[in-house]
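The next block holds one structure in the form of C-alpha cells; read it before the comments.
Every chain is numbered from 1, with letters handed out A, B, ... down the list of sequences.
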Amino acid sequence: GCGAKKSSAKPLKNITVVLDYVPNTNHTGMYVAQAKNYYKQAGLKVKFIEPGDNSTSVGLVAAGKGQFGVSYQEDVTYAHAKATPIPVKAIATLVQHNTSSFVTRADSGITSPKQFENHIYAGWQSPSEAAVLKAVMTQAGGDFKKLKIVGANGSGPEGLGKKGQDIEWYFDGWDGIKAKQLGVKLNTMPLRKLDKRLDYYTPVLITSNREIKQDPKTVRAFVKATKQGYQYAIAHPTASAKILKRADKTDSLKFLTASQQYLSKHYTDTPSNWGAMTSKVWNNYTGFMKEYGLIKQAIPAKDMYTNEFLK
Amino acid sequence: MIELAGVSVTLDGLPIIADLNLQLTTGFTAVIGPSGAGKTTLLKVLLGIIPPTSGQVTVAGEPVTGIHTAFAYMPQDSMLLPWLTVAQNIALYARVNHQPVATKRVTELLATAGLSDYRDFMPAQLSGGMKQRVAFLRTVMNPAGFRLLDEPFGALDAMTRGSLQDWLVGLPQDLQRPTLMVTHDIDEAIYLADRILVLSARPARLIADIAVTPTQRDRHWLATQAPLHAQLYDLLQKESQALANA
Amino acid sequence: MIELAGVSVTLDGLPIIADLNLQLTTGFTAVIGPSGAGKTTLLKVLLGIIPPTSGQVTVAGEPVTGIHTAFAYMPQDSMLLPWLTVAQNIALYARVNHQPVATKRVTELLATAGLSDYRDFMPAQLSGGMKQRVAFLRTVMNPAGFRLLDEPFGALDAMTRGSLQDWLVGLPQDLQRPTLMVTHDIDEAIYLADRILVLSARPARLIADIAVTPTQRDRHWLATQAPLHAQLYDLLQKESQALANA
Amino acid sequence: MDVTKKLYPLFSFLVICVIWQALVSGLKVPPYFLPGPLAVGHALVADGGVLWHHALTTFYESAVGLVIASVVALITGLILDAWRWLYNFIYPLLVISQTLPVMVLGPLLILWFGFDLTPKVILVVLMSFFPIVVALVAALQDVPEEQIQFLQTMGASRLEVYRTLKLPLGMVGFFSGLKVAATYCVGGAVVGEWLNAESGLGYYMIRAKNGFEIDKVFAAIVWVVVLSLLFNVLAGWLARGYHWTLTHSK
Amino acid sequence: MDVTKKLYPLFSFLVICVIWQALVSGLKVPPYFLPGPLAVGHALVADGGVLWHHALTTFYESAVGLVIASVVALITGLILDAWRWLYNFIYPLLVISQTLPVMVLGPLLILWFGFDLTPKVILVVLMSFFPIVVALVAALQDVPEEQIQFLQTMGASRLEVYRTLKLPLGMVGFFSGLKVAATYCVGGAVVGEWLNAESGLGYYMIRAKNGFEIDKVFAAIVWVVVLSLLFNVLAGWLARGYHWTLTHSK
Ligand SMILES: Nc1ncnc2c1ncn2[C@@H]1O[C@H](COP(=O)(O)OP(=O)(O)OP(=O)(O)O)[C@@H](O)[C@H]1O
Ligand SMILES: Nc1ncnc2c1ncn2[C@@H]1O[C@H](COP(=O)(O)OP(=O)(O)OP(=O)(O)O)[C@@H](O)[C@H]1O
Ligand SMILES: O=C([O-])O
Ligand SMILES: [Mg+2]
Ligand SMILES: [Mg+2]
C-alpha cells in the first residue's frame, strides 16, 4: 500500500483544441505546454484534434466541437464576411509574420505572380486562397482568369512542377525546409514581400464568442499556458523539436530540428509579447480584400480578434 | 354444413365463378373442371381468402367474412417449410397455435404413412410422393372438421400418384373426414369420391353433380367405371373446347 | 437406325442406366418407367449430352461422341424463348443455323395446330397447351429424321393433354416421323405408340418391349385396352415399390 | 395508380422539409451548422447558373465513366462466363477491389493521372464496373445448362448459343446492375472533383464547404441526387429499349 | 476441390504482385509515386504493431456500426413490410440516401457529431444499412401470399406468420445484404478516420499520405482489405449459424 497524496485537489478542466493540419512546428508551443505540464498547472487537460483531409477549424469551433482551434487570418476574415457571421475570434497569433510563400520549381522560370498565367496552382481549395491569388496576380499585372486552381495531389515537394502542379503555397519553415532536405530547388515568393498587407497572421489561435462570454477564465488560462509553451520553444529549439517529435511520428527529428530552428526565430520579435496582434494587420488584409472586390464591406478588426487574453 | 348461395366472383373485371349454389355435408367430394375454370378460386372463397363479389358462403350457419379456421386446407403446392423437419412440418398447427405438440400422434401418423424412418429428415431430402404424404399428415393434424384438398397429387407422376390414391383409400376410418378435393384426373375423382362435381369452363358453373356408390373401392372396380369415365371425359372435353374457342 | 449396345451410365457414383441394349428404327416408340428411373438420362445419352460410362450409342452406324444433330429434340420443359414470338420460336432452327426462315411452312404448321391467330403472340400470352403445341412445331421444323420427345405433355392437365394427344394422332402423314417419346402416362403410351418400352426402377433396365398394333387409333379403341393398361400398371407399380423400398 | 405511387416520395420529401425547416427556425440553428431547406432552396436558385455549369461537368464525367464501365463490364462478363477457370482467378480480385475505399483511391488516382477528367472517370468506372459485371455474370451463369444443350442439339455454335440465348438472358442482369451502378456512379465523379478539379459539383462543394457555406453544399447535394436519379431513370429506359428491340427483332 | 478453389485467387494475387514489382523495378518508378509490393510488404512488417493497433480501432468502429445497422435495418425492414403504405413513402428516400457521396457527408457528420467514434460509426451505418434493408424487404415481400394465407387458415396471428414464415425467409435476404454491407462497411469507417480521428487505418493513411509515404498507404489498404474480407466471412458464418439454429429449433 502507498498513500501518496494527489498533488492537485481541483479536477482538471477538459479542453479540446482543433488543429489546422498534422502536428507541425507551428504548433510546437502547445505541445511543449502539454509536455511541460503548463496546461495542467493552469487547471486544464488539453486534447489535440488532428484534422484529416479538408478540414477547417472555424466551423468546428463555432459549433462548440472544440473550445479552441488553429486557423488563419484569411479564414477568420472570411468567416465574418457573411450575412450571418460565424462567431469566432482570433485570440493569439502563433507566428508574428506571415512566413508563407508561393513556390515554384527553380527550373520553371516562374518567379513572379504575373507568370502564374497559364499555369496551375495546387492548393487546399478554400475560397480565401483564390482571393489571395487573384489579388497578387492582379497586382503584378497578371490575369487571374488564366490561372488554373486545383487540389494538391499530395506528392509533396518532389511532385512540385510535375503532373501540372506548377505553383504551391508553402510555409517556409515547414514545406520549404522539407524541399531543401529533399534537394528540390525552389523559387520562393514570400507573401509579405508581394504586398506588405499580406503580412497577415497565419496561423492564429481562435475561440468562439460563446466561449469568451461564458468562460473567459479558461480562455485566459489556456492562452497563458500556451504563451509559456511558445516562449520555451523560442528559447530551446532543439529540446522543443524533441517534444514535437513525440506527437509527429511521421517526420524525422533531423527535419523537425531544422524546421524548429527556423521557426523559433520567427514566432515573435519580442518573446514577452508573443501572440499579440494589431488592428493594423487585420485592417490591412480586410482593406486588401475589399480593394480586390473579394469582400463587400470592411469588417471591424475588433470583431475578428482580441489581445485581451494575452494580458 | 357448408353452403354456397348464389356465389359469384369477379377478379380484375374477369368473371371467375358465376352464381354457384352448393351444399356440402359429409363424405368425400371431388371437384373436376377444365384448367383455369376457377377450382382453386372456389376453395379460396370457402376459406375466406377471396370474398365473393355477390352471394354468400356459410359454414355451420355462420357467414364467412374473412379467413377462418373451419377447414383443414392442403394447398395445391405442398408448401412444406424447408427449415423444419418432417415431424415439425406435420406438427405445424400446434406450433402456429402455441400448443404442445402431440408427439405420440405424430409418431402414429408417420407410421401410417410409412414415414417412420423419415421423422427428422428435411423436406429437401424427400421424394415428391413423400412430400405430399407429409403435407397430407399436416392436414390431418389440423383439428378442423372438414378438409379442403387442392390437387393433392397434381405434381406427381402416374405411379406415385396411384400409390398415394391407394393409401388414401385405405386410410383407417378414424383418420377420414368430410373432404372437398379438387383434381384434374377423372380416374382419381372416380376412385376416391362419393360425389363428383363437374365445373364448367370459366366462369365456373356447376354442370354436373354425380353420386358414386361403389360396392368395393379398389382398382378392379375402377376398371369397370369406363362408362362414367367416358361421360366425364366428354363433359370436360366440351368445356375445354369452349374455353379454347373463347 | 439408332442402336444402344451395352450402355451403362453412372453419375456421381450412382448407377442410372445398366447395360441397356436397344434398337430403334421407324414408328412411334414410347418409353415408360417409374419416376427417376433414368428416362431423361436415356434421351440425353442418345443426344450425346451425357456420355455413357460404358457401351456405345450409334446413330446410322456413326458412334455418338458428343452433342450432335441427328435428333429433333423436344425437352421436358417446353423452353420457348420468352422474347421471341410464336412464329420466331417455331423457326428457331433456321435462326440458330443462319438459314432463311421458311415462312410459308411456318404459316402452314400454325394452321395445322390451330394457332394461326397467335403467330405474333409472345409465349407468356399463351396457355400451357398452346405452348406445348408451339414447342412441338419447333421440333417439326428441325429437319433431323428422328424425334425425341421428353414428356411432351407432362406439365398439362388431363383435358388439355387429351386434346393434344388427339391432335398428335391426327397429324398429317407428312408431318409424322420416327419418334421416341418418354411419358409417365400409360394411356398416353398405348394411345400414341407402336411400341412401348418399359424401364425398371433405377438403374434403368429394359423390362418389357411391347408392340401395339391397333386397327384404328382412337379413344374407343383405347377404352378396349384395359388389359394392356393393367399389365403395364402392375409392372410399373412393382418397380415403383422396388424404388420406395430401396 | 402509378402516378400516385410516384407522388408518395414527393409527399414524404415535403413532410421532411417542413419538419426540418421548423426545427432549424424554431431552434435558431445557425446556417454554418445546418441550413434549412429554404436556405438551400435559395442557394439553388441564387447559384443556379453556376450549379448548372458544374452539374454538366459532373454529368459528363459520370456518363463517360458509366459508358466505359458498361462496355468493359460487358466484355469482362462474357469472358469470365465463357472461360470459367478465368472466373475463379479473377472474380475474388473483383470482390477485393470493392473493399477499397474510394476516398483512399482518389488521391492515388490523382497522383497518377493528374487533375483532368481521367481520374474522375476512373473513379466512376471503379464504382460502376463491379455491380454491372457481378449482375451480368450471375445472369449468364443462371442460364440453365439444359437450354444450352437443347440449342446445341439444333447445331448451334458456341457463338450462336450466346447470341440466341445467353446474351438476351445476361442482359437482364446487365441492366439491373447498370441501374445500381447508375445510382452510385455520380458519387464517384464527385469524390474525384472534391479532391482535385477545375469544375464539377465536387469542386463546387469543397469550395463552398471551405467557405463555410453549408447551404451551397446542400444545394450541390440536391444536384447530385437529381443526377443520380436521372442516370437511374436513363438506365431503366435503356433496359426497356433493349427489351423492345429484342422482342421486335426480325 | 474446395481448397483448390480458394487457392486460385491467391495465385492470381501472386501473379499480379510479380508483374507489379517487375514494372516498378524495371521502370524505376519512384516510391512516392507508386511503391512496389516488396516495399508495401516491408511497410506491413516494419509498421506491424502500429498497423495492428490502428486496425483494431477500425475493426471496432466497423463492428459497432455493422451491428447498429443490422438491428436498425431488421426493425425498419419488418416495419416497412408490415405497413406497405409506409414503404411507399420511405423506400424512395432510402434510395436517395444512397446517392449521397460519403465523402461529402463525412465533414458534415464531424461538424454535427464531433470527433469521437460517433461520426465514424454513423458513416458505417449509412453504408451498411441500405443493402441490408433492401435485401431484407425484398425477401419479405417475396414470401408468397399463398403461404401466408395457408398459415392463416390454421389460425396463425399476424405475429405468428412473421415468426413461422416471413422471418425465416426474410433472414435469407437479411444475411445476403449483411454480406454485401460487410464488404463495404470498413470503407465507411476509414473515410471517417481519414477526415478526423485519433487512431484507425484512415488516420494512419492520411498521415502516411501527408508524409508522402505511399508504401504505408498501401500497407494500410492491405489491412482494409483483410478487415473487409474478415467481416464478409463473419457474416457468412452468422448466416450459417442462423440456418443451423433454424433447422435445429425445438
Ligand atoms: N387475382 C386474379 N385476378 C384476375 N384473374 C385471376 C386471379 N387469380 C386467378 N385468376 C384467373 O382466374 C381463373 C381461375 O383460376 P383458378 O386458379 O381458380 O383456376 P383453377 O381451376 O384452379 O386452375 P388449375 O386447374 O390450373 O389449378 C384463371 O383464368 C386465372 O387466370
Ligand atoms: N448429374 C447427376 N448426378 C447424379 N445423379 C443424377 C444426375 N442427373 C440425374 N441424376 C439422378 O438420376 C436419376 C434419373 O434421372 P432422370 O432425370 O433420367 O429420371 P427420369 O426417369 O427422367 O425421371 P422423371 O420421371 O422424374 O423425369 C434420378 O434419380 C436423378 O436423381
Ligand atoms: O495556410 C496558409 O495561410 O499559408
Ligand atoms: Mg388450381
Ligand atoms: Mg425426366
Side-chain angles (χ1 to χ4, degrees), chain C residues 40-41 43-51 59 64 66-101 103 106 120-125 135 138-144 146-150, chain D residues 70 74 77-78 81-85 135-179 235-250:
Chain C
T40 297
T41 305
L43 294 196
K44 287 190 175 168
V45 168
L46 288 171
L47 288 160
I49 294 170
I50 297 178
V59 173
V64 168
I67 298 184
H68 57 90
T69 56
F71 296 116
Y73 172 46
M74 180 169 167
Q76 191 155 1
D77 165 16
S78 67
M79 289 191 194
L80 300 180
L81 299 184
W83 55 87
L84 297 184
T85 62
V86 164
Q88 287 172 330
N89 265 292
I90 290 175
L92 192 64
Y93 183 90
R95 172 180 284 256
V96 152
N97 287 284
H98 301 277
Q99 293 171 358
V101 173
T103 317
V106 170
D120 295 323
F121 276 49
M122 291 294 163
Q125 298 170 283
R138 185 182 57 190
T139 313
V140 170
M141 289 290 284
N142 187 330
F146 203 105
R147 288 189 193 136
L148 294 186
L149 314 179
D150 196 356
Chain D
S70 301
L74 190 58
L78 288 171
D81 179 69
W83 293 279
R84 289 290 163 93
W85 61 271
L136 171 61
V137 170
L140 287 172
Q141 299 198 346
D142 246 25
V143 176
E145 203 56 34
E146 266 82 24
Q147 299 204 9
I148 298 167
Q149 290 162 350
F150 167 61
L151 286 187
Q152 287 172 333
T153 67
M154 287 188 172
S157 64
R158 193 161 181 192
L159 197 75
E160 201 47 51
V161 167
Y162 272 93
R163 198 181 72 99
T164 314
L165 182 68
K166 292 197 96 173
L167 202 57
L169 288 173
M171 287 311 273
V172 176
F174 173 85
F175 282 113
S176 86
L178 184 64
K179 279 197 82 167
W237 284 350
L238 264 181
R240 256 171 285 161
Y242 177 79
H243 191 254
W244 192 90
T245 37
L246 198 64
T247 53
H248 289 73
S249 63
K250 249 191 244 164

Residues forming a side chain to side chain contact (heavy atoms under 4.5 Å, CB included) with D:Ala82, sequence neighbours excluded
D:Arg158, D:Tyr162
Does any heavy atom of chain C fall under 4.5 Å from the side chain of D:Glu160, the backbone, both, or neither of them?
side chain
Working to the nearest 0.5 Å, report the span between OG1 of D:Thr153 and CG of C:Asn142.
7.0 Å
Rounded to the nearest 0.5 Å, what's the gap from CG on C:Leu81 to OG1 on D:Thr247? Could you check?
13.0 Å
Identify the two heavy atoms, one from C:Leu46 and one from C:His68, that lie closest to each other, and give their separation to 0.1 Å.
O-NE2, 2.8 Å
Of all the residues in residues 168-175 of chain D, which have a heavy atom that comes within less than 4.5 Å of a heavy atom in chain C?
D:Pro168, D:Leu169
Under the ring pair (Phe, Tyr, Trp, His ring centres under 6.0 Å) rule, collect the residues that match up with C:Phe146, sequence neighbours excluded.
C:Phe71
Restricting to non-hydrogen atoms, name the atom on C:Ile49 and the atom on C:Pro51 that form the minimum distance, rounded to 0.1 Å.
O-CD, 3.9 Å
Could you tell me which portion of D:Glu145 (side chain, backbone, both or neither) has an atom closer than 4.5 angstrom to a non-hydrogen atom of chain C?
neither
Test: salt bridge (Lys or Arg N to Asp or Glu O under 4.0 Å). Region: residues 67-92 of chain C. Which pairs qualify, not counting sequence neighbours?
none
